[in-house]
Engineer: 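First the structure, which I've put down as structure tokens, then a few questions once you've had a look.
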Amino acid sequence: MAKPTLLLIDGNSLAFRAFYALINQVDRFVNHEGLHTNALVGFNNLLDGIIEPFNPDLALVAWDAGKTTFRTGKFDNYKGNRDNTPQELVEQFEPLRQMVSLHGIKSYELSGYEADDIIGTMARIGEADGYSVTIVTGDRDLTQLVSDDITVWVTKKGISEIDHYTPAMIAELYDGLEPKQIVDIKGLQGDTSDNYPGIAGIGPKTALKLIKKYHSISEMYEQIDDMKASKQKEKLINGKQDALLSRDLAEILTDAPVTISLSDLEYKGPDYENIIPFYQHLDFKAQLVKLANQGYTVPTSGHNEDAEFDLNNTELAVSEITPASLTHVSQLQGTVSFYLELDDENYHTANPVGFVIGNQENGYFASRDMELLTQNSPVKKILEDQTILKNVFNAKELYVSLKRLDVALKGVNFDLLLVSYLLDTNDNNNDLGALAHDNDYYAVMTDEEVYGKGAKFAIPEADADLFEHLGRKAMAINLLREPLLELLSKHEQTKLYEEIELPLTKILADMESTGITVDSEQLLQMRSKLTERLSELEQKIYQQAGHEFNVQSPKQLGVVLFEEMKYTPIKKTKTGYSTSVEVLEKMGDVSIVASILAYRQVAKIQSTYVEGLLRVIHGSDSKVHTRYLQTLTQTGRLSSVDPNLQNIPVRIEEGRQIRKAFVPSQADWQILSADYSQIELRVLAHITGDKNLQAAFINGEDIHAATARRIFGIKDDEPVEGNIRRQAKAVNFGIVYGISDFGLSKNIGVSRKEAKAIIETYFDQYPDVKKWSDDIIASAREKGYVETIAHRRRYLPDIKAKRFNARSFAERTAMNSPIQGSAADIIKIAMIKVQEAIAKAGLQAHMLLQVHDELIFEAPESEMADLEELVRNVMDSAVTLDVPLLVSSHVGASWYDAK
DNA sequence: GGCCCACCG
DNA sequence: AGTTCGGTGGGCC
């Protein structure tokens, strides 16, 4: 029969490990009362992930009882070099013990002894009583206890990985030594973290060699006279006291006067009833979700008034649609929730795998049969009925997917994904379950929990399982609607939602479905030319380097440049030499560097753009259909994926050629591009109220020249030289980003001192810009968030962080987000108005793309003049600011030509 | 899956 | 001690 098991846990060392594993995020793990929880989180994961599955018969967590122990009596400086335990950790010790207790594990400490000694003692007692003992610790010192019946698990990499120490492993690590000899090694080499010395001048290698030869420190000194004279012998003789003391300190007691016995240590398992309020107190939402999914009820959370609704309403009435129940479905009215599941995130190509429709009053109806959405089905009728309001999750995905099934979705009224994102841009997770959990609703699982991820992704075969999940999603959408809409209203975001984001969703869906035509012939021609250039450059580089290597590997390139060719490294990355453009350009006129820069440029065009685009052209219509992510960025911008059409090359001619492949979808049509000029600087002028900055725009001045005159004191009748204007331009942009003197000096190539003076002059000349910057940071600190002109909100928890870096970052973000985000608001409003105007004018034109401050259209040549005027008028009047908005536009046969 | 690098506004 | 905002994608290791 297998032996009974005893688990001994080193509470202090694991708490330290857990704390420091998440030290970078210490300010993020704080509960609603301000208690830090990073160590609690890590410790809890350990208990859940390791201890619970292990399910021992007996378990104990041992804790240090205080700073003074019998070891400090022997050696004043024992652990004397340790900094005081941070307050953020100290405050977690008491809840840690509660947590241990709620997991059904006994805690124990003993005055005058360390946790190690309790563990050593209990381990030997357990071993003698016939237990298989496992010790879990963050401290490798405990490996001295390893025996046939005692295994030591030591966490590493924070606490995410664990090494299992057995006698065989010790033998391997210490060249055949036994576990108990580790203390002799430590006696000789010392321990810097515990601050005992060992023998000066004896390191790990010598220590190992000596103990291998003499077995122990005491045997070594017995034979020391026979040792031949050497410096080492002298060190050993002089250090005898230190060695004996250090050995003593390193040795873990196995006979501490503990007052507990094995019979006190029964492992009871978690106390579910009481651990839930405990987790709630700590704001451990993920843990609550786990418990809820295991069937443990989570009562309504008390502290978060904003999100208080009935989590216990988990009764779900979901049934498969049958010919008979179709009558019920057809009678649905008022408001319904609809959810369509796809087998892939790219909804332009994914297959629908099931859907659900219904509400709380009439129940939910699910099916895998997509035929039920087509022809004259009642479901299609409901979806196309403007008067029946739909609650959905990700309306844009639904518009596009349903359009592919020939269903024209109407009456979308609530989009859970969109609303959650507007409430908190961090809630941009595309998973409905996860997002519901963020809003304290736990009666639905995440897709990963139900479907798995990666290679394991699979839609459940059993109808009951799939329909339950779909039904719960639909129910979550319905139940979250009211509380979240109420929050929107509290945040003054109802207009943002109803008049900007929700209408925009439909427009983006149409743009995506329309797609833009890509001339693959053009790309194929480019590809063969670029292939040739790449192989020429490659050969040249090999010649310059003297051998072949992977030019695309920064690591190999670093070796070639900075080791073999002995150029001086200018900058390092975390993993080695930096070989970025910035570095390579600083290396000056070196032929291999020029070749590499050229190679990189061409390789980028080839792989990302030529080949990347060719891969995503749809065979059916020769177009690419990007997806705009409307709920991702922290500022309110869109992003574009599969393919990304917001970063098509433009600055360098060779890359710009790519734009020749973007052409109108029909003969005799053209491309129109219209973009806002300096929209962010205009927004800056508006929201800061700075009269000097506003005057420049109102008077139609060249803003960079105007800034140049101000910061470099150039008189009105003197010209602004190109290089000076370029510097001023960098300053104008830098201000928007919260640049430092360091950053500006690097950017425009002046000294740091000069850069500092320039920034100061800028703020003198535009005093209200300075005032606004200070004010917005103060406001962010007070409210915890910043806002755009349309009340788009970004929370900045780090604005109060103690860490300089995190705080500075938050301060720059506090300035930049209202500017970048307001610009995003403006172009979104413009898109809605342009679409309306095009419809009203009865034009055939399509809006195709948005690139942050630019809109791209296609239209018949015959209506292009009208379209251009319409677009310009709508864009420059989209909103009224204290400065004018300026739009420039161009027409051409391709995107390249519309410049 | 993280890192480096390069492209966009 | 680090130093300019917001993104996506390819390739390496």
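So you know, we letter chains A, B, ... as the sequences are listed, proteins then strands, and number each from 1.
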Engineer: Under 4.0 angstrom, heavy atoms only, what part of the nucleic acid is A:Val736 near: base, sugar-phosphate, or nothing?
Structural biologist: nothing
Engineer: Taking atom C1' in both C:dA1 and B:dC5, compute the distance separating them and give it to the nearest angstrom.
Structural biologist: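 Per the computed distance, 25 Å lies between those C1' atoms.
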Engineer: In whole angstroms, how far is the C1' atom of C:dG10 from the CG atom of A:Leu530?
Structural biologist: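 Rounding to the nearest Å, CG of A:Leu530 and C1' of C:dG10 are 15 Å apart.
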Engineer: Check for a donor-acceptor pair, side chain of A:Ser535 on one end and backbone N or O of A:Glu538 on the other, with a separation under 3.5 Å.
Structural biologist: no
Engineer: Roughly, in whole Å, what's the span from CG in A:Leu534 to C1' in C:dG10?
Structural biologist: 13 Å
Engineer: So what does A:Gln552 touch, heavy atoms closer than 4.0 Å: a base, only the sugar-phosphate, or nothing?
Structural biologist: sugar-phosphate
Engineer: Which listed nucleotide (B:dG9, C:dT3, C:dC13) is nearest to the side chain of A:Ser740?
Structural biologist: C:dT3
Engineer: Show every ring pair (Phe, Tyr, Trp, His ring centres under 6.0 Å) that has at least one partner inside residues 746-776 of chain A, sequence neighbours left out.
Structural biologist: A:Tyr762-A:Tyr766
Engineer: Rounded to whole angstrom, note down the P distance from B:dG2 over to C:dT4.
Structural biologist: 25 Å
Engineer: Can you tell me how far P of C:dT4 sits from CD of A:Glu582, to the nearest Å?
Structural biologist: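 These atoms are roughly 11 Å apart.
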Engineer: Would you find a donor on one side and an acceptor on the other, under 3.5 Å apart, between the side chain of A:Asp825 and the backbone of A:Ala790?
Structural biologist: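 Checking the backbone N and O of A:Ala790 against the side chain of A:Asp825, a donor-acceptor pair under 3.5 Å is found.
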Engineer: What about A:Arg812, does its side chain sit under 3.5 Å from the base of C:dT3 through a donor-acceptor pair?
Structural biologist: no
Engineer: So does A:Thr608 get a side-chain nitrogen or oxygen closer than 4.0 Å to the phosphate oxygens (OP1/OP2) of B:dA6?
Structural biologist: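 Answer is no, no contact under 4.0 Å.
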Engineer: Suppose we call two aromatic rings close when their centres sit under 6.0 Å apart. Are A:Tyr567 and A:Phe562 close by that rule?
Structural biologist: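 No.
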Engineer: Does this structure show an ion pair linking A:Asp876 with A:Arg872, if we count only N-O contacts that are shorter than 4.0 Å?
Structural biologist: no
Engineer: With sugar-phosphate meaning primed atoms plus P, OP1 and OP2, does A:Gln601 contact a base, only sugar-phosphate, or nothing at under 4.0 Å between heavy atoms?
Structural biologist: sugar-phosphate
Engineer: Has the side chain of A:Asn747 got a donor or acceptor atom sitting under 3.5 Å from an opposite partner on the base of C:dT4?
Structural biologist: yes
Engineer: Atom CG of A:Asn426 and atom P of C:dG6: how far apart are they, to the nearest Å?
Structural biologist: 12 Å
Engineer: Counting side-chain heavy atoms from CB outward, which of C:dG11, B:dC4, C:dC12 is closest to A:Ser607?
Structural biologist: C:dG11
Engineer: Do the side chain of A:Ser673 and the main chain of A:Ile856 share a donor and acceptor less than 3.5 angstrom apart?
Structural biologist: no
Engineer: Check whether any side-chain nitrogen or oxygen of A:Ser808 sits under 4.0 Å from OP1 or OP2 of C:dT3, and answer yes or no.
Structural biologist: no
Engineer: What nucleotide, of C:dG2, C:dG6, C:dT8, holds the atom closest to the side chain of A:Leu632?
Structural biologist: C:dT8
Engineer: If every non-hydrogen atom of A:Ile703 is compared with every non-hydrogen atom of A:Asn732, which pair is closest and at what distance?
Structural biologist: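 So the two residues come closest at O-ND2, 3.7 Å.
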Engineer: Taking only side-chain nitrogens and oxygens of A:Thr573, does any of them come within less than 4.0 Å of OP1 or OP2 of B:dC4?
Structural biologist: yes
Engineer: With a non-hydrogen cut-off below 4.0 angstrom, is A:Arg627 in contact with a base, only sugar-phosphate, or nothing?
Structural biologist: nothing
Engineer: Using a strict 4.0 Å threshold on nitrogen-to-oxygen distance, state whether A:Arg627 and A:Glu512 make a salt bridge.
Structural biologist: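 Not counted as a salt bridge, because no side-chain N and carboxylate O are separated by less than 4.0 Å.
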Engineer: Between B:dC7, C:dG6, C:dC13, which nucleotide gets closest to the side-chain atoms of A:Tyr609?
Structural biologist: B:dC7
Engineer: Can you tell me if the side-chain N/O atoms of A:Asn816 get under 4.0 Å from OP1 or OP2 in C:dT4?
Structural biologist: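 The answer is no; no side-chain N or O of A:Asn816 sits under 4.0 Å from OP1 or OP2.
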Engineer: Taking the cut-offs as 6.0 angstrom to the six-membered ring centre and 45 degrees off its axis, would you call A:Arg793 and A:Tyr785 a cation-pi pair?
Structural biologist: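 Yes, A:Arg793 and A:Tyr785 form such a contact.
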Engineer: In whole angstrom, give the distance that lies between atom NZ of A:Lys756 and atom C1' of C:dT3.
Structural biologist: 14 Å
Engineer: Nearest-Å distance, CZ (A:Phe809) to C1' (C:dC5)?
Structural biologist: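 After rounding, the reported distance stands at 8 Å.
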Engineer: List in numerical order all residues of residues 633-649 of chain A for which some heavy atom is under 4.0 Å away from an atom belonging to DNA chain C.
Structural biologist: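 Close to the strand are A:Thr633, A:Gln634, A:Thr635, A:Arg637, A:Ser639, A:Ser640, A:Val641, A:Asp642, A:Asn644, A:Asn647.
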Engineer: Roughly how far apart, to the nearest Å, are C:dG2 and B:dC4 at atom P?
Structural biologist: 14 Å
Engineer: Verify whether the ring centers belonging to A:Tyr676 and A:His852 lie closer than 6.0 Å.
Structural biologist: no
Engineer: Which nucleotide wins on minimum distance to the side chain of A:Lys604, given the candidates B:dC5, B:dG9, B:dA6?
Structural biologist: B:dA6
Engineer: Counting any heavy atom closer than 4.0 Å, what does A:Ser817 reach on the DNA or RNA strands: base, sugar-phosphate only, or nothing?
Structural biologist: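 If one applies the 4.0 Å heavy-atom cut-off, A:Ser817 turns out to touch nothing in the nucleic acid.
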Engineer: Specify the separation, in whole Å, of atom CD of A:Gln657 and atom P of B:dC7.
Structural biologist: 15 Å
Engineer: Under 4.0 Å between a side-chain N or O of A:Thr579 and OP1 or OP2 of B:dC4?
Structural biologist: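 Looking at the OP1 and OP2 atoms of B:dC4, neither is under 4.0 Å from any side-chain N or O of A:Thr579.
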Engineer: Looking only at side-chain N and O atoms, does A:Gln556 come under 4.0 Å of OP1 or OP2 in C:dC13?
Structural biologist: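 The answer is yes; a side-chain N or O of A:Gln556 sits under 4.0 Å from OP1 or OP2.
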Engineer: Considering every strand and a 4.0 Å limit on heavy-atom distances, what is the contact class for A:Arg600: base, sugar-phosphate, or nothing?
Structural biologist: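 The answer is sugar-phosphate, as A:Arg600 gets under 4.0 Å only of primed atoms, P, OP1 or OP2.
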Engineer: Rounded off to whole Å, could you give me the CG-to-P distance for the A:Asp741 and C:dG2 pair?
Structural biologist: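 Roughly 16 Å, once rounded to whole Å.
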Engineer: Scan A:Arg656 against the nucleic acid and name what it touches under 4.0 Å (heavy atoms): base, sugar-phosphate only, or nothing.
Structural biologist: nothing
